[in-house]
There are 2 protein chains.
Amino acid sequence: MEEKIFKKFLKDRGQRLTRERAAILRKTSSSQGHFDPESLYLEMKKKSLKISRASVYRTLHILCECGLIEKVKKTEHGTIYEKTYGQGHHDHMLCLSCGEVIEFYSEDLERLQKDLCKKYGFQWTNHTLEIQGYCKKCLKKTG
Amino acid sequence: MEEKIFKKFLKDRGQRLTRERAAILRKTSSSQGHFDPESLYLEMKKKSLKISRASVYRTLHILCECGLIEKVKKTEHGTIYEKTYGQGHHDHMLCLSCGEVIEFYSEDLERLQKDLCKKYGFQWTNHTLEIQGYCKKCLKKTG
DNA sequence: AATGATTTTGAGAATCAATCTCAATTATTA
DNA sequence: TAATAATTGAGATTGATTCTCAAAATCATT
Ligand SMILES: [Mn+2]
Ligand SMILES: [Mn+2]
Ligand SMILES: [Zn+2]
Ligand SMILES: [Zn+2]
């Protein structure tokens, strides 16, 4: 389970699983979907888990290195993250109207990309794909 | 040609094609590949085209709205742009070692994405795909 | 060409996410 | 327990970007 992984990861680097780090880990592990550091900070504050912004940012970094979460992208309002533990790889559709994020996965799409890389002599490690457009719900409203 | 398009676009909004805007347009039009506002600002400064940062940022915005350039993505060092006039749509491979950007296009990839959108009742408008990995050159070096 | 209205510019201030500083605190080791 | 090492938080700092606003440039009209 996540805490075990995180603890081991930290230990191997001579770092400690503090109360603050554990709290942030729990928060991100139980998170549904995408999140950003500031919101996470504010939510923890509300819940009387007063952890400084510095620690939030620092811990999110470590969690990335550890592979438990990942940066999704940078926006004008800051960086978006998502947890990766227990989540398969996927890509995103983003509704330009309501902001909804649809997660999807396509084996064909993955294979096609790897084929393309081969063609260019490029050694694939990972990728990010975001499709922008309008979701079903918004299409109904606007007609 | 670009200047004509830009001029018309501005005129239609009651805006003017000033010396500053024209200079930035020329610079971006003649640009090869990707660029960022700060570098563009510094280069123009070197060439005795002293244009303020404010104007650079403002003009890049307008050029985006006009469709002559596009934001590629946001990085920790700022926003990356590229010109779009005369360039077909394409996606990117980014070398994690040397930073090289390979531009590529795949009809199959495009079709596949549109099919996926259909499946989700999502109305496609555009997308961005970045494949991260290692380029041919770097692979040779590192073995 | 002069007048008056409109738009644009640039210098520097403001904003905002993210990082850094460093003294005080906490955990680990001897 | 004392010495050592890691961590925290408050606030300062950085860096990209935006904003402010007075001065300059451009346009339309007489
Ligand atoms: Mn996701
Ligand atoms: Mn490109
Ligand atoms: Zn929507
Ligand atoms: Zn390379």
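Predicted, not measured: the structure shown is a model, and the values here were computed from it. We name chains A, B, ... by the order of the sequence lines, and we start the count at 1 in each one. The figures here come from the full heavy-atom set of this structure, side chains too, leaving out hydrogens, waters and symmetry mates.
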Expected list for residues 60-76 of chain A near DNA chain C, using heavy atoms below 4.0 Å, is A:His61

C:dA27 P sits how many Å from A:Lys7 NZ, rounded?
12 Å

Would you say CD of A:Glu76 has more than 12 non-hydrogen atoms from neighbouring residues, nucleotides or ligands within 6.0 angstrom?
yes

Does one side chain, of A:Ser29 or A:Arg26, offer a donor that lies under 3.5 Å from an acceptor on the other?
no

Over 12 non-hydrogen atoms of neighbours within 6.0 angstrom of CD in A:Glu130:
yes

Dump every N/O contact between nucleotides 5-9 of chain D and the protein below 3.5 Å, one line per pair.
from  : atom 1 : to      : atom 2 : distance (Å)
D:dA6 : O4'    : A:Arg16 : NH1    : 3.2
D:dA6 : O4'    : A:Arg16 : NH2    : 3.1
D:dT7 : OP1    : A:Arg16 : N      : 2.6
D:dT7 : OP1    : A:Arg21 : NH1    : 2.4
D:dT8 : OP1    : A:Thr18 : OG1    : 2.4
D:dG9 : OP1    : A:Lys50 : O      : 3.2
D:dG9 : OP2    : A:Ser52 : N      : 3.1
D:dG9 : OP2    : A:Ser52 : OG     : 2.9
D:dG9 : OP2    : A:Ser55 : OG     : 2.7
D:dG9 : N7     : A:Arg58 : NH2    : 2.9
D:dG9 : O6     : A:Arg58 : NH1    : 3.4

Is the backbone N or O of A:Thr28 less than 3.5 Å from a side-chain atom of A:Lys83, with the two atoms forming a donor-acceptor pair by type?
no

Taking only distance into account, with no hydrogens and no angle test, what donor-acceptor pairs under 3.5 Å do side-chain atoms of residues 96-105 of chain A form with protein atoms, sequence neighbours excluded?
from     : atom 1 : to       : atom 2 : distance (Å)
A:Glu103 : OE2    : A:His34  : NE2    : 3.4
A:Glu103 : OE2    : A:His90  : NE2    : 3.1
A:Tyr105 : OH     : A:Glu107 : OE1    : 2.8

Quick one: NZ on A:Lys50 to OG on A:Ser55, what's the gap to the nearest 0.5 Å?
15.0 Å

Are more than 12 heavy atoms, taken from residues, nucleotides or ligands other than B:Lys118, located less than 6.0 Å from that residue's NZ atom?
no

Ignoring hydrogens and geometry, is there a side-chain-to-backbone donor-acceptor pair from A:Thr125 to B:Gln132 under 3.5 Å?
yes

Length of the NE2-P vector between A:His77 and D:dT17, whole Å
14 Å

B:Leu40 CG to D:dT17 P, straight-line distance once rounded to whole Å:
12 Å

Figure out the CG/C1' separation between B:Leu49 and C:dT9, and round it to whole Å.
15 Å

In this structure, how many angstroms lie between the P atom of D:dT14 and the OH atom of A:Tyr57, rounded?
18 Å

Please report the distance, rounded to the nearest Å, between OH in B:Tyr41 and C1' in C:dT9.
13 Å

